[in-house]
Amino acid sequence: MRFRLLTESDVKSVLTMDDLIETMASALQHFSTGRVTQPVRSVIPVSDDAFYATMPAFVRGDGAPANFGGASPRMDTGAALGAKLVTVFGGNAAR
């Protein structure tokens, strides 16, 4: 498996500040109107300088069924499901 590290300049080359502001405004609007299910992050402590965290979220779509070619379950158009997974081992840099 190949891992690609995106640098700050990589991100800046494809995202503008206007894009980010528009995206954040949309995300906050979805969250404040109850279209987002986002439980509090779950953290598993491993040691004093290590932990694992999960941050799942689901955004409800616009109510129109998405066309997945007969696949189920059906999700609304614009719906999204994702998770951020974080693993931190503070002592790794010293190795």
Side-chain angles (χ1 to χ4, degrees):
M1 178 183 286
R2 187 175 162 194
F3 176 81
R4 181 168 183 192
L5 177 65
L6 297 177
T7 65
E8 181 179 349
S9 61
D10 292 332
V11 174
K12 283 183 175 181
S13 72
V14 295
L15 289 176
T16 67
M17 186 57 73
D18 287 341
D19 292 334
L20 296 174
I21 291 170
E22 182 179 326
T23 299
M24 285 304 301
S26 174
L28 292 170
Q29 192 257 348
H30 282 79
F31 186 81
S32 65
T33 57
R35 288 179 60 186
V36 175
T37 300
Q38 184 178 6
V40 176
R41 90 181 100 200
S42 176
V43 178
I44 300 171
V46 176
S47 66
D48 288 343
D49 66 347
F51 66 88
Y52 171 76
T54 61
M55 294 159 266
F58 174 66
V59 180
R60 284 165 190 72
D62 60 12
N67 181 2
F68 291 115
S72 64
R74 289 175 37 180
M75 283 202 329
D76 295 344
T77 303
L81 176 66
K84 179 178 180 180
L85 308 175
V86 178
T87 305
V88 173
F89 285 89
N92 276 357
R95 290 183 180 184

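The CD1 atom of Ile44 lies 11.5 Å from the CZ atom of Phe51; values are rounded to the nearest 0.5 Å. A distance of 4.5 Å separates CG in Leu28 from CE in Met24, rounded to the nearest 0.5 Å.
Between the side chains of Asp10 and Ser13, no donor-acceptor pair of N or O atoms lies under 3.5 Å.
Linking Ile, Leu, Val, Met, Phe, Trp and Tyr residues whenever their side-chain heavy atoms come within less than 4.5 Å places Val88 and Val43 in a single cluster. Cluster membership check: Leu20 shares its hydrophobic cluster with Val11, using side-chain heavy-atom separations under 4.5 Å among Ile, Leu, Val, Met, Phe, Trp and Tyr.
When all heavy atoms of Ala80 and Phe58 are compared, the closest pair comes out as O-CD1, 3.2 Å. Considering every non-hydrogen atom in both Pro56 and Pro39, the closest pair reads O-CD, 3.6 Å. Counting all heavy atoms, side chain and backbone alike, Tyr52 lies closest to Leu85 at OH-CD2, 3.6 Å.
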Exercise for the section: Evaluate the criterion side chain to side chain contact (heavy atoms under 4.5 Å, CB included) for residue pair Val59 and Phe31; output intermediate values, then yes/no. Expected result: CA-CA 8 Å; Val59 180; Phe31 186 81; over 6 Å; no

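Counting non-hydrogen atoms of other residues, nucleotides and ligands closer than 6.0 Å to CD of Gln29 gives a total above 12. Applying the 6.0 Å contact sphere to CG of Asp48 captures no more than 12 heavy atoms from other residues, nucleotides or ligands.
Judged purely by atom type and a 3.5 angstrom limit, Arg41 has no side-chain atom pairing as donor or acceptor with the backbone of Met55.
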